[in-house]
Number of protein chains: 2
Amino acid sequence: MSEFFVDPADTREQILAATYRTLCERGYADLTISAIGEAFEKSPSLVYRHYDSKDELVLECLRYMLEEFEAELTEADLEDPRGRLEEFVGWGLGDAPPEQRRFVSTLVELRSQAVHDEAYRAHFTRSDEVFVGYVADVIRAGIDRREFRKCDPERVAETLVTTMSGAMLRRSTCESEACLEGVRDGLEGFLAAQVYRPDGS
Amino acid sequence: MSEFFVDPADTREQILAATYRTLCERGYADLTISAIGEAFEKSPSLVYRHYDSKDELVLECLRYMLEEFEAELTEADLEDPRGRLEEFVGWGLGDAPPEQRRFVSTLVELRSQAVHDEAYRAHFTRSDEVFVGYVADVIRAGIDRREFRKCDPERVAETLVTTMSGAMLRRSTCESEACLEGVRDGLEGFLAAQVYRPDGS
């Protein structure tokens with residue numbers, strides 16, 4: 001996945017970019033709206049004027065990032081289905097730039113808010129739908145191109161997204177990431193047996 | 001898995017049982033040490049005398065439950081490896097008593113504390129080791145009995161525990177559990193292809 005908030009276009013995007021940077025630096029537990037105000041290039045009061053609470057800012061930031069992810073998807077992403085699938089799995093297993101790796105831990109904190117907060121639950125429900133839909137589209141493209149076996153794209157996508165969610169949870173909450181090498185091997189076995197066609201078949 | 005805290009033996013176990021009940025009822029976000037005191041059959045002041053903070057109580061409760069799980073494991077658990085594996089997967093996918101289903105959501109909240117809290121991180125690191133070790137033992141037993149294929153027990157165990165972690169995370173933080181049916185099918189496919197021997201082989 002590409003970098004987030006590279007070139008914010010207006011004040012709103014600059015505020016959301018400051019929210020993202022602050023989330024990466026501090027995580028959610030230590031996040032305050034005044035820390036976001038400090039990270040914002042212009043006047044902190046602009047942040048307070050537009051947003052009432054840190055959760056309002058965080059949720060708008062998450063929604064913005066998800067919309068950006070959806071907007072950047074093109075037909076070209078479906079031209080190399082195996083590459084896209086491996087990129088997706090790799091991202092969940094830690095092959096991401098350091099800043100995004102830190103953000104994954106923050107996402108785990110944010111996602112746990114959804115246990116008791118409806119607005120977070122609505123966001124992560126939609127976010128899962130987007131990622132499952134994307135992975136299922138990639139798998140359908142692979143089947144159409146005869147690079148993948150005939151399989152149930154939704155079923156495989158739900159399984160991959162769930163395993164990736166677990167990988168992000170475990171590596172953010174365990175003392176070592178060593179466990180993930182076993183997961184990488186296990187998923188390669190799963191994809192080889194259920195999804196990829198053997199070479200030359 | 002059997003029920004927790006059925007017959008607490010002494011004051012300490014009664015306090016931990018009250019902690020468990022309160023966690024099931026309130027979750028972590030709304031947990032207070034005085035709510036635990038109220039759930040305790042004897043004097044609430046006994047709770048405050050022994051524990052300084054709610055996290056101290058919660059961590060001792062989690063450690064106690066993990067030790068109970070380990071203490072209850074016997075050789076007999078390895079006599080039906082396929083049954084044990086299906087029970088483990090089913091528990092993660094929601095085939096648990098209602099009280100334990102509620103506790104799974106609380107576990108997600110507690111686990112997210114490990115992003116910024118070392119004591120929680122140490123607990124969940126150990127907890128993952130225990131469950132991965134258990135699943136790997138079950139798989140080794142299945143291979144020894146020729147019910148399972150020759151496979152790498154640790155690799156399969158890490159993958160299953162990770163997918164189960166993701167399933168518990170997703171079902172605690174999404175509006176619907178419908179996604180988990182795809183995961184159930186996907187895992188059955190994984191186990192059929194990688195672990196179980198075909199009938200009669």
Side-chain angles (χ1 to χ4, degrees), chain A residues 26-30 92 105-106 108-118 120-129 132 151-152 154-176 178-187 189-190 192-194, chain B residues 26-30 92 105-106 108-118 120-129 132 151-152 154-176 178-187 189-190 192-194:
Chain A
R26 292 189 164 228
Y28 179 72
D30 288 330
S105 296
T106 303
V108 165
E109 288 182 282
L110 295 175
R111 184 150 192 154
S112 79
Q113 304 306 309
V115 171
H116 51 82
D117 184 309
E118 279 180 27
Y120 279 101
R121 200 175 314 138
H123 171 74
F124 284 105
T125 301
R126 195 173 125 55
S127 151
D128 277 10
E129 282 165 5
V132 169
C151 60
D152 180 337
E154 261 72 30
R155 189 193 79 160
V156 173
E158 291 285 9
T159 308
L160 285 178
V161 166
T162 302
T163 307
M164 289 301 96
S165 303
M168 293 193 276
L169 178 65
R170 290 187 70 199
R171 75 183 163 92
S172 301
T173 56
C174 282
E175 286 166 352
S176 155
C179 63
L180 295 185
E181 288 314 307
V183 179
R184 193 184 291 271
D185 290 349
L187 277 177
F190 173 77
Q194 313 263 306
Chain B
R26 293 190 164 228
Y28 178 73
D30 288 330
S105 296
T106 303
V108 165
E109 288 183 282
L110 295 174
R111 183 149 193 156
S112 80
Q113 304 306 309
V115 171
H116 52 82
D117 183 310
E118 278 180 27
Y120 280 101
R121 200 175 314 139
H123 172 74
F124 284 105
T125 301
R126 196 174 123 54
S127 152
D128 277 10
E129 283 166 4
V132 168
C151 60
D152 180 337
E154 260 73 29
R155 188 193 79 159
V156 174
E158 290 285 9
T159 308
L160 285 178
V161 166
T162 301
T163 308
M164 290 301 96
S165 303
M168 292 193 276
L169 178 66
R170 290 187 70 199
R171 76 183 164 94
S172 301
T173 56
C174 282
E175 286 166 352
S176 155
C179 63
L180 295 185
E181 288 314 306
V183 179
R184 193 184 291 269
D185 290 349
L187 277 177
F190 173 77
Q194 315 262 303

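From a predicted model like this one, the values you see are computed outputs, not experimental measurements. Order of the sequence lines sets the chain letters (A, B, ...), proteins ahead of strands, with each chain counted from 1.
- Ring-plane geometry between A:Phe190 and B:Phe190 is classed as tilted, the angle between the planes lying from 30 to 60 degrees on a 0 to 90 degree scale.
- What you find for B:Tyr28 and B:Leu110 is that their closest heavy atoms are CD1-CD2, 3.2 Å.
- Taking each heavy atom of A:Arg111 and B:Cys174 in turn, the nearest pair found is NH2-SG, 3.5 Å.
- When the candidates B:Ala167, B:Cys151, B:Ala193, B:Ser112 are compared by the number of heavy-atom contacts under 4.5 Å with chain A, B:Ser112 comes out ahead.
- Note: B:Arg121 CZ to A:Ser172 OG = 10.0 Å, rounded to the nearest 0.5 Å.
- For the set B:Val132, B:Asp152, B:Leu187, B:Leu169, the entry with the most heavy-atom pairs within less than 4.5 Å of chain A is B:Leu169.
- The main-chain N or O of A:His123 is never found under 3.5 Å from a side-chain atom of A:Ser127 such that the two would form a donor-acceptor pair.
- For the set B:Asp185, B:Val108, B:Asp117, the entry with the most heavy-atom pairs within less than 4.5 Å of chain A is B:Asp185.
- In this structure, chain A has heavy atoms under 4.5 Å from both the backbone and the side chain of B:Ala122.
- Interface remark: A:Val156 contributes no atoms to any contact with chain B (heavy atom separation under 4.5 Å).
- Among A:Met164, A:Gln194, A:Glu175, A:Glu109, the residue with the largest count of heavy-atom pairs under 4.5 Å with chain B is A:Glu175.
- Considering CD of B:Glu181 and OG of B:Ser176, their distance stands at 9.5 Å, rounded to 0.5 Å.
- Taking B:Ser105, B:Ala29, B:Gly182 one by one and counting their heavy-atom pairs under 4.5 Å with chain A, the maximum is reached by B:Gly182.
- If you tally non-hydrogen atom pairs under 4.5 Å between each of B:Thr159, B:Thr163, B:Thr173, B:Leu160 and chain A, the highest count goes to B:Thr173.
- The salt bridge (charged side-chain N to carboxylate O under 4.0 Å, His left out) test with B:Glu158 is passed by exactly one of A:Arg170, A:Arg171, A:Arg184: A:Arg170.
- Between chain B and the residues A:Met168, A:Arg126, A:Arg155, the largest count of heavy-atom pairs under 4.5 Å involves A:Arg155.
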